[in-house]
Each structure stands twice: as C-alpha cells, then as structure tokens.
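The structure appears right after this line, and notes come after that.
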Amino acid sequence: MSAGLPEVDSALLQKRIDELALITEAQPPVVTRVLFSDADLRGRDYIRKLCEEAGLSVRIDAVGNMFARWKGSAPDAPAVATGSHTDAIPNAGKFDGVVGVLGGLAAIEALQDAGFKPMRSIELIVFTAEEPTRFGIGCLGSRMLAGAIPPEKVAALRDPEGASLDGLRGRAGLKDALESVVLPKKFYSAFVELHIEQGPLLEQQHIPIGIVQAIAGPSAYRVRITGEGGHAGAVLMPGRRDASLAASELALAVERAAHQSGSPDTVATTGKWEVFPNAINSVPCDVMLEIDLRDTCLETRDRALLLMRSASDDIATRRGVTIVWEEINADPPADGDPRTMEIAEDVALKLDLATARMVSRAYHDSLFMARVCPTTMIFIPCRNGYSHRPEEYSDPAHIAAGARVLAGTLARLSHEPP
Ligand code: HGY
Ligand code: MN
Ligand code: MN
C-alpha cells in the first residue's frame with residue numbers, strides 16, 4: 001500500500017448513514033431499531049447488500065451476527081476484524097454503532113480502491129443486539145461469540161411480551177443451533193471498532209481521535225417490589241404498602257450508592273419502571289425496576305451494589321414490602337490491547353490527527369471481543385457528547401478521519417506475520 005493512507009469517500013459514507021437512518025420504527029429523524037423488529041431486519045439487509053456489492057463474502061450466524069469477509073492471501077490465518085452494531089434503542093440517533101459498521105465498510109472499500117492486498121483476511125462484523133432493549137441484556141451477539149453466556153441462558157430469554165429468542169430469530173430465518181455461535185479459539189488476530197465517543201471529552205479538547213484503553217464493566221439488575229394495592233381513596237395512609245413509593249426510595253438509594261462508592265467512575269441509573277396496575281386511583285401493588293450500574297473498577301462497583309442491597313433491605317422492612325433482586329448481567333471491564341492501540345495512534349500521527357487515550361463508560365461489542373482477541377476502539381467526537389437521543393451528531397469530517405485511521409490500522413494488522 002502506498003506510503004500515503006487511502007482516502008475514504010466521505011460523501012458516500014454520509015449518504016449511507018442518512019439512508020440507514022430512514023430505516024426506523026420511529027418517525028425520522030428519530031432512529032429506533034430493536035432486535036429482530038422489521039426495521040432491524042431491513043437495516044441488516046441494507047448493510048448485507050452493500051457488503052456483497054463490495055465483493056465481500058457474507059455469512060450470518062445462528063443469532064444473527066453478520067460477517068462480511070475480504071479474503072486475504074493467507075486465508076487460513078486468523079483474520080483481522082472490525083465492526084459494530086446497527087440496532088438502536090427507542091428514541092435514538094443515527095450514529096451510535098452505525099459509524100463503526102458503515103465506517104468499517106468505507107475503510108475496506110478505501111483499501112480496495114487504493115489497490116491494497118490483505119494478507120490476513122479482513123472481516124466486517126455487524127453484531128446482533130448490542131442494545132439491551134429486547135431482552136434486557138446488552139451485547140447479546142458478541143457475548144455469544146465470546147462464549148460469555150451459556151446457550152441455555154440465551155434460550156431462556158423472553159422479551160416483555162413473552163416472545164423467545166428462538167421464536168424471533170426463526171422469523172428472521174435463523175434456525176441453526178445457538179451452540180454454533182461461539183467462535184473457535186484464535187479465530188481473529190485483532191479487532192478494532194470505530195465508534196462515536198458518546199461523551200463530550202474529545203469535542204471539548206478539540207481532539208479528533210480517541211484510543212480506548214479501557215471499557216467500563218456494565219451490570220444490570222431486575223428488581224421486583226411487591227406491596228399491597230387498593231382503592232386510592234378508601235385506603236387510609238397509615239399502614240399503606242405502596243410499592244411505587246418503595247421503588248422511589250430505592251431509586252434514590254441507587255443514586256446515593258453511586259455517589260458514595262469512592263470512585264468518580266461509578267455510574268448508576270434506574271432507567272426502566274413498570275408500575276402495576278398503573279391506574280391513577282389505585283395504590284400500586286407491584287413495581288418492576290431495571291437498574292444499570294457500571295464502573296471501570298470491579299471493587300468500587302461491588303461496593304456500590306452492596307450499598308444498594310442494604311438500602312433495599314431497610315426499605316423492605318420499613319415499608320412492609322418484598323423486594324426481590326435478579327442479576328441480568330455483571331461483566332468485568334476490558335482493557336485495550338497495547339500493540340493495537342499503538343498501531344492506531346501511529347496511523348493517526350501519519351494523518352496529522354491528534355489522539356488521546358480514553359476510557360469508554362458506554363459498553364460496546366469490543367467489551368466481549370477483548371475476550372476473543374487483542375482489541376481496541378477508535379473514538380470520534382460527537383456534538384455535546386449527546387447519544388441515545390435524536391440530537392446525536394458527528395461531523396462528516398470526523399467520521400471520515402476515524403474511518404481513515406481504521407483503514408490504516410486494519411491494513412497494518414492484516415500484514416502482521418502469522
Ligand atoms: O448502554 C451502552 O453503554 C451501549 O450504548 N449499549
Ligand atoms: Mn448504544
Ligand atoms: Mn454503540
């Protein structure tokens with residue numbers, strides 16, 4: 001490959017990002033693409049067609065992860081991979097995940113156009129269900145690729161309507177055994193994911209490229225609170241066992257625990273509430289909460305959880321309700337691979353792009369790919385750090401710059417000796 005690094009077709013990349021954004025369950029510009037919804041399936045199809053037009057060989061595994069391979073001259077050597085996700089939570093923007101999928105494809109096309117010949121194959125992965133929306137657990141596809149969740153736990157997953165993964169994936173024509181998803185050892189030699197920062201630091205510091213040295217460890221809990229219902233007018237206040245007030249106290253205890261963990265990296269949110277019977281003139285008897293707790297350090301995350309659980313016991317006793325906790329997932333943090341980070345930094349340097357090492361507080365499929373092979377992420381700025389909201393925005397020049405750094409990094413990794 002010439003000394004210079006290939007240009008990425010920024011206009012085409014932006015056009016594709018805009019086109020994919022129109023494939024949504026919501027009203028554009030709002031993006032929503034929940035696992036195996038019609039929009040999710042149409043979005044996958046859109047990407048598959050682009051990959052086939054780029055001459056990549058595409059395969060789809062039993063849970064819907066899509067792999068688009070550019071075969072190298074050493075086809076049996078562990079390949080170099082890149083990729084991200086196209087599913088999107090309700091009321092999302094059009095860049096989260098998409099920049100890593102379409103930017104990854106643009107990086108491959110730039111290398112192809114520059115006449116680069118890969119030695120190790122280069123593979124673009126579109127991971128299934130990075131978002132937890134449907135089944136409550138994030139990174140389902142990459143988690144399974146890494147063998148980080150037992151197939152029987154996956155088979156037991158049910159969405160809020162009671163639909164099973166098997167039933168939904170069957171709709172998408174996916175029938176192979178779930179056990180076939182896990183990757184063989186040494187299947188990849190490295191993985192690099194391009195993603196928007198989903199935070200304000202790069203923009204504030206006017207730095208175009210972030211190199212992710214650590215990804216915070218996410219954990220999620222489903223909490224069921226059972227009190228006693230009754231007529232909102234007839235049941236007098238003394239002796240009430242109002243489940244929604246117990247839930248409110250618990251949500252405040254979750255916030256307090258994050259503040260008191262001893263680390264600024266501890267974050268916690270009670271993001272999902274279901275109140276039953278959810279009627280204005282009925283005392284709530286049941287509440288289901290979902291709590292998201294993360295930290296770059298397991299010890300302080302565990303400390304925060306302990307504080308939450310003891311507050312929960314106290315609330316249950318004081319208010320005469322039962323509170324049952326269920327762990328959905330509790331994953332360790334992941335570290336960026338030093339060699340891969342250095343290569344990405346060196347490529348950015350050659351492109352006169354300043355870089356900064358960072359921590360990702362959002363989780364990504366890289367969290368699990370780091371268990372499969374040496375992994376790092378390339379971040380680009382996003383306006384005001386906005387993400388998981390329609391105002392999410394990343395400048396086309398930053399997206400193209402990130403894709404160029406990715407292209408150069410993939411090229412270097414593809415020519416690493418077996
Ligand atoms: O929630 C996350 O960190 C990711 O964006 N799914
Ligand atoms: Mn997201
Ligand atoms: Mn994402």
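When a ligand or atom number is given, it counts from 1 through the structure's own listing order. Small disclaimer: the values here were computed from a predicted structure and weren't measured. Counting begins at 1 with the first residue of the sequence. Keep in mind that the numbers below use all heavy atoms, side chains included, and drop hydrogens, waters and symmetry copies.
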In ligand 1, the atoms that come under 4.0 Å of a heavy atom of Ala362 are 3 (O)
Show me which atoms of ligand 1 lie under 4.0 Å from any heavy atom of Arg294.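 The list of qualifying atoms is 1 (O), 2 (C), 3 (O).
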Options His195, Glu130, His364, ranked by nearest heavy atom to atom 4 (C) of ligand 1, top entry: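 Answer by nearest heavy atom: Glu130.
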Answer yes when Glu327 and Arg222 have at least one side-chain N-carboxylate O distance shorter than 4.0 Å, and no when they do not.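 So Glu327 does not pair with Arg222 through a salt bridge.
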Look at atom 6 (N) of ligand 1 and say which protein heavy atom is nearest, naming residue and atom and giving the distance to 0.1 Å. Glu131 OE1, 2.8 Å
Just verifying a value: how many Å separate Arg383 CZ and Ile196 CD1, rounded to the nearest 0.5 Å? 12.0 Å
Below 6.0 angstrom between ring centroids: does that apply to His415 and Phe116? yes
Centroid separation Phe379 to His364 less than 6.0 Å: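 That pair passes the under 6.0 Å test.
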Below a 4.0 angstrom heavy-atom separation, can you tell me which part of His388, side chain or backbone, both or neither, approaches ligand 1? side chain
Using a cut-off of 2.8 Å, how many protein N, O or S atoms sit around the Mn ion (ligand 3)?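 Counting protein N, O and S atoms closer than 2.8 Å to the Mn ion (ligand 3) gives 3.
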How far apart are the closest heavy atoms of [X] and [Y], and which atoms are they?
X: Val359; Y: Thr296; value: CG1-CG2, 3.3 Å
X: Gly103; Y: Ala403; value: O-CB, 3.8 Å
X: Pro208; Y: Ala354; value: CD-O, 3.3 Å

Hydrogens and angles aside, do Arg303 and Thr266 bring a side-chain donor and acceptor to less than 3.5 Å of each other? no
Please confirm whether Arg371 makes a cation-pi placement over Phe368, using NZ or CZ under 6.0 Å from the six-membered ring centre and within 45° of the ring normal. no
Tyr363, any N or O under 3.5 Å of ligand 1 N or O: yes
